[in-house]
Amino acid sequence: TMPEVQRKPKITASRKLLLKSLMLAKAKECWEQEHEEREAEKARYLAERIPTLQTRGLSLSALQDLCRDLHAKVEVVDEERYDIEAKCLHNTREIKDLKLKVLDLRGKFKRPPLRRVRVSADAMLRALLGSKHKVSMDLRANLKSVKKEDTEKERPVEVGDWRKNVEAMSGMEGRKKMFDAAKSPTSQ
């Protein structure tokens, strides 16, 4: 006997909802933890870079020196900020120009709807390969040859003066003869 294949039970809708809410709660917890870590890193960096100010017990000249020192530091930081901002603006402009170049290279023009055109294989190869095309593809060469019917062979071919025929067929009388001949093909 064959062993029975055990199917995995489907998850019920309530179980799915419970798992979804647990996943969302975990994601929120991770996001809050990441936010707290970022804030702590920022506070640590600022405490490292900026010493606490001691302004108690300083004379007027010492306070003025401290203000001049702080003003000089602010100027240096402002210059750095300006340089970084200028670089960012330059980069964004360059990115915009490159995107436009990519659009131009890719071709943002709408392609026209294609129409069906009857083209032979030779003409197609000539169009694709240009003057290099020398091989001819005769698609009819491999077709089965069909013998003409015997009735066509038995028809006698009249050889005569073609000028008489043109004169006879000119005008309304000629048209009438052609019409009568088309009506009864057996009469010759």
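For this chain, numbers begin at 1 and follow the sequence in order.
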Taking salt bridge (charged side-chain N to carboxylate O under 4.0 Å, His left out) as the definition, give me every residue that meets it alongside E36, ordered by chain and number, with sequence neighbours left out.
none

Does K26 reach the side chain of L22, with side-chain heavy atoms less than 4.5 Å apart?
no

List the residues meeting salt bridge (charged side-chain N to carboxylate O under 4.0 Å, His left out) with R81, not counting sequence neighbours, and say none if there are none.
D78, E85

Chi angles and distances behind the salt bridge (Lys or Arg N to Asp or Glu O under 4.0 Å) call for E41, R38
CA-CA 5 Å; E41 177 68 23; R38 241 189 266 141; over 6 Å; no

Rounded to the nearest 0.5 Å, what separates atom CZ in R15 from atom NZ in K20?
15.5 Å

To the closest 0.5 Å, what do you measure between CG (L66) and OG (S61)?
11.5 Å

Gap between atom NZ of K73 and atom CD1 of I50 - 0.5 Å precision:
9.5 Å

Do L60 and Q64 come within less than 4.5 Å of each other through their side chains, counting heavy atoms only?
yes

Just wondering, do L53 and L70 contact through their side chains at under 4.5 Å, heavy atoms?
yes

Tell me, yes or no, whether the heavy-atom count around I11 atom CD1, taken from other residues, nucleotides or ligands under 6.0 Å, exceeds 12.
no

Quick check for you: to the nearest 0.5 Å, what is the distance between K42 atom NZ and L46 atom CG?
6.5 Å

Rounded to the nearest 0.5 Å, what separation is found between the NZ atom of K16 and the OG1 atom of T12?
9.0 Å

Drop me the distance from R93's CZ to D97's CG, to the nearest 0.5 angstrom.
9.0 Å

Under a 4.0 Å threshold between the charged nitrogen and the carboxylate oxygen, would D104 count as salt-bridged to K101?
no

